[in-house]
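Beneath this line is the structure, given in structure tokens, with notes to follow.
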Amino acid sequence: MSIEVVCTCGKSLKAPDSAAGKKGRCPGCGGILAIPLVTRLPPSSTPSALASVSTAPSNRSGAPGAGDVPVVSSPVKPSGTETRSKPSLAPPSPSAPAARAAFPGSSRPHGGTGKLAPSLKSGGQSRGVRDYLYIVLLLALVPLAISTFQSRVSVEEELIATVKEHPEIIPQLKSLPEKADIFDVLPEHRLRDAFLPRDSKLHWLFGILAAGIFFAIVATAFPTAMVQRLPLLGIGLLTATVGVLLLLGVQLAAKSTAGQIYIGFGLRAVIFYIIKFIGFSYQCADDPRNGFLLSFFGYTMGVGLCEELCKCLPLFFRIKHFATERRAPANNWRSICLWGMASGMGFGIAEGIMYSGNTYNGVSPASIYAVRFLSCVALHSIWAGSVGITMFNRQQSIDAADKWYSMLFELVLTISIAMTLHGLYDTLLKKDMDALALVAAVVSFGWFAFQIETMRRSDPIATSTRAAAMPT
């Protein structure tokens with residue numbers, strides 16, 4: 001069953017009967033709509049026994065009740081069985097200004113009925129397979145789980161085994177110049193059990209395949225998100241290029257502040273010491289002599305902070321600059337979450353390509369590529385997607401931030417959980433606590449799934465981002 005609602009702008013909409021008594025937003029004008037209550041008729045009801053019921057407009061308290069919305073019961077055929085009336089909200093009459101006053105925000109007149117609003121039509125409790133497609137991200141952690149319990153051989157042991165199998169390269173190794181690449185001497189330019197040669201470019205193909213897999217997931221998840229696929233691909237490419245370059249620039253600037261001090265006051269001094277703090281955090285993360293707590297501090301306040309900030313910048317731009325009346329219906333929590341997942345996807349794939357070319361090729365087995373291009377990409381998508389939902393819920397505070405430092409503070413609060421989970425995962429890997437790192441990865445997915453299901457339970461109608469910030 002569905003409830004027909006006519007907005008004051010003229011659009012004819014439908015909402016599921018489970019949304020009766022709740023509020024939604026018109027995708028045409030952005031106005032708040034009160035979904036009429038549904039009247040259940042007894043079997044003995046006859047057309048003469050039915051009457052129109054009209055009540056006062058919705059108050060500003062937001063509490064649903066019998067006095068919130070006007071309900072008009074249309075005649076029902078006396079079939080002798082229990083039926084449900086077909087309530088509707090009367091279309092605009094000559095007293096349209098008074099009707100608009102009952103629904104703040106719906107001030108633009110539009111002609112015609114238009115299409116049914118997806119945000120109202122697809123709300124409610126019924127779900128399809130696509131609504132649970134995000135669970136595939138948990139399956140993408142399987143390579144990480146398998147790798148966690150596999151035995152590992154160090155690079156030194158692999159090199160010794162390779163030399164033993166090919167003793168003819170010993171003279172070349174002894175005469176090798178100090179700065180020469182040892183892989184130039186090794187057979188096929190790789191260690192014995194390495195999957196790819198050192199100079200291979202095949203890892204780019206892995207990145208392209210991973211992009212296709214994860215883009216398919218992102219593009220088909222959440223059918224009511226009202227997000228076009230091409231912009232999602234653009235967000236992934238933007239983070240994979242501009243976002244990664246921004247991160248590398250910050251890392252380079254942070255490294256250059258080592259041993260330096262800035263004497264003075266003002267904005268330059270503040271920026272200098274923020275970057276210097278990031279540099280100190282990276283040093284804490286990279287130093288193998290540091291204990292768990294200092295390493296955790298470094299990975300959280302350095303790696304986690306910078307990477308999650310770079311991934312959430314497109315989401316921040318959308319929240320701050322896409323808040324127009326025309327775009328408002330498409331700015332629901334699902335669309336913001338998908339933007340985050342696409343941004344994390346792009347970052348994870350770019351990171352995998354860089355790590356493969358610089359570290360894995362010629363050294364690592366095939367399993368590490370599955371971990372990097374499946375599990376790690378999934379983790380970045382999970383962290384960034386959870387940031388998207390958090391940003392949706394905190395948009396009122398973000399909108400109120402009008403200074404750069406207040407915006408930065410709000411962004412850090414928004415990414416705080418994701419960057420902490422990110423830092424914990426990296427720290428556990430550094431300390432060779434691989435099983436606990438896997439637990440941190442599963443907990444990250446659990447946090448992401450909890451946010452999604454919480455939003456679905458509390459918001460059966462896919463309202464826009466502006467509705468979350470609007471007082472009720």
Side-chain angles (χ1 to χ4, degrees), residues 27 118-119 130 133-134 136-137 140 203-250 306-355 372-374 376-392 395 398 407 411 414-415 418 448 452 462 464-466:
S119 60
R130 288 172 57 185
L133 193 59
Y134 70 91
V136 175
L137 296 178
H203 58 277
W204 282 89
L205 177 60
F206 298 158
I208 294 174
L209 292 176
I213 293 172
F214 283 95
F215 178 72
I217 296 172
V218 173
T220 55
F222 304 150
T224 59
M226 293 184 292
V227 175
Q228 297 180 353
R229 296 177 180 178
L230 188 59
L232 283 177
L233 181 60
I235 291 301
L237 291 174
L238 180 68
T239 305
T241 54
V242 178
V244 171
L245 289 176
L246 176 62
L247 175 66
L248 295 177
V250 171
C306 293
E307 292 189 6
E308 296 306 323
L309 274 179
C310 288
K311 289 186 290 184
C312 82
L313 287 180
L315 285 69
F316 177 74
F317 178 82
R318 177 168 183 148
I319 288 288
K320 294 290 288 186
H321 298 285
F322 281 17
T324 63
E325 187 175 0
R326 179 174 64 87
R327 295 179 182 266
N331 281 346
N332 53 65
W333 69 265
R334 293 170 174 86
S335 64
I336 303 297
C337 177
L338 290 182
W339 268 47
M341 292 172 63
S343 180
M345 172 194 72
F347 186 93
I349 293 173
E351 188 181 61
I353 292 174
M354 289 190 299
Y355 271 94
R372 177 53 66 177
F373 286 103
L374 290 178
C376 291
V377 175
L379 275 175
H380 280 292
S381 296
I382 288 168
W383 290 325
S386 68
V387 168
I389 299 177
T390 304
M391 186 173 290
F392 173 87
Q395 64 190 282
I398 294 174
M407 291 181 185
L411 283 179
T414 301
I415 68 172
F448 181 50
I452 291 175
S464 69
T465 53
R466 297 303 102 188

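Residue Cys312 holds its SG atom at 12.0 Å from CD1 of Ile336, rounded to the nearest 0.5 Å. Note that the CD atom of Gln395 and the CZ atom of Arg318 stand 11.0 Å from one another [nearest 0.5 Å]. Note that the OH atom of Tyr134 and the CG atom of Leu338 stand 13.0 Å from one another [nearest 0.5 Å]. Note that the NZ atom of Lys311 and the CE atom of Met345 stand 12.5 Å from one another [nearest 0.5 Å].
Two residues are said to be in side-chain contact when any heavy atoms from C-beta on lie closer than 4.5 Å; Ile452 and Trp333 meet this criterion. Side-chain contact between Leu233 and Phe215 is present, with at least one heavy-atom pair separated by less than 4.5 Å. Counting heavy atoms from C-beta on, the side chains of Ile213 and Phe373 never come closer than 4.5 Å. For the pair Ile353 and Ile349, the minimum side-chain heavy-atom distance is below 4.5 Å. Side chains of Arg229 and Val218 form no contact here, defined as non-hydrogen atoms less than 4.5 Å apart. At a threshold of 4.5 Å between non-hydrogen side-chain atoms, the residues Val244 and Glu351 do not count as touching. At a threshold of 4.5 Å between non-hydrogen side-chain atoms, the residues Leu137 and Phe214 count as touching. Put simply, the side chain of Glu307 does not reach to within 4.5 Å of the side chain of Trp383, judged on heavy atoms.
Closest heavy-atom contact between Ala221 and Leu133: N-CD2, 3.9 Å. Minimum interatomic distance between Ala384 and Glu308 (heavy atoms only, all atoms of both residues): N-OE1, 4.2 Å. The two residues Ala418 and Ser386 have their closest heavy-atom pair at CB-OG, 4.2 Å. The shortest non-hydrogen separation linking Cys306 to Val250 is SG-CG1, 4.2 Å.
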Give the table of side-chain donor-acceptor pairs shorter than 3.5 Å for residues 234-242, with sequence neighbours excluded, one pair per line with atom names and distance.
unit_1	atom_1	unit_2	atom_2	d
Thr239	OG1	Ile235	O	3.2
Thr239	OG1	Ser343	OG	2.8
Thr241	OG1	Leu237	O	2.7
Thr241	OG1	Leu238	O	3.3

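Legend: residues meeting ring-ring contact (aromatic ring centres under 6.0 Å, His included) with Phe448, ordered by chain and number and at least two apart, are absent. For Leu313, the side chain to side chain contact (heavy atoms under 4.5 Å, CB included) partners at least two apart in sequence or on another chain are Leu246, Leu411.
Residue Tyr355 qualifies as open at atom OH: its count of foreign heavy atoms under 6.0 Å is 12 or below.
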* Asked: What do the steps show when you test Thr414 against Phe316 for side-chain contact (heavy atoms from CB on, under 4.5 Å), and what is the final call?
  -> CA-CA 10 Å; Thr414 301; Phe316 177 74; over 6 Å; no

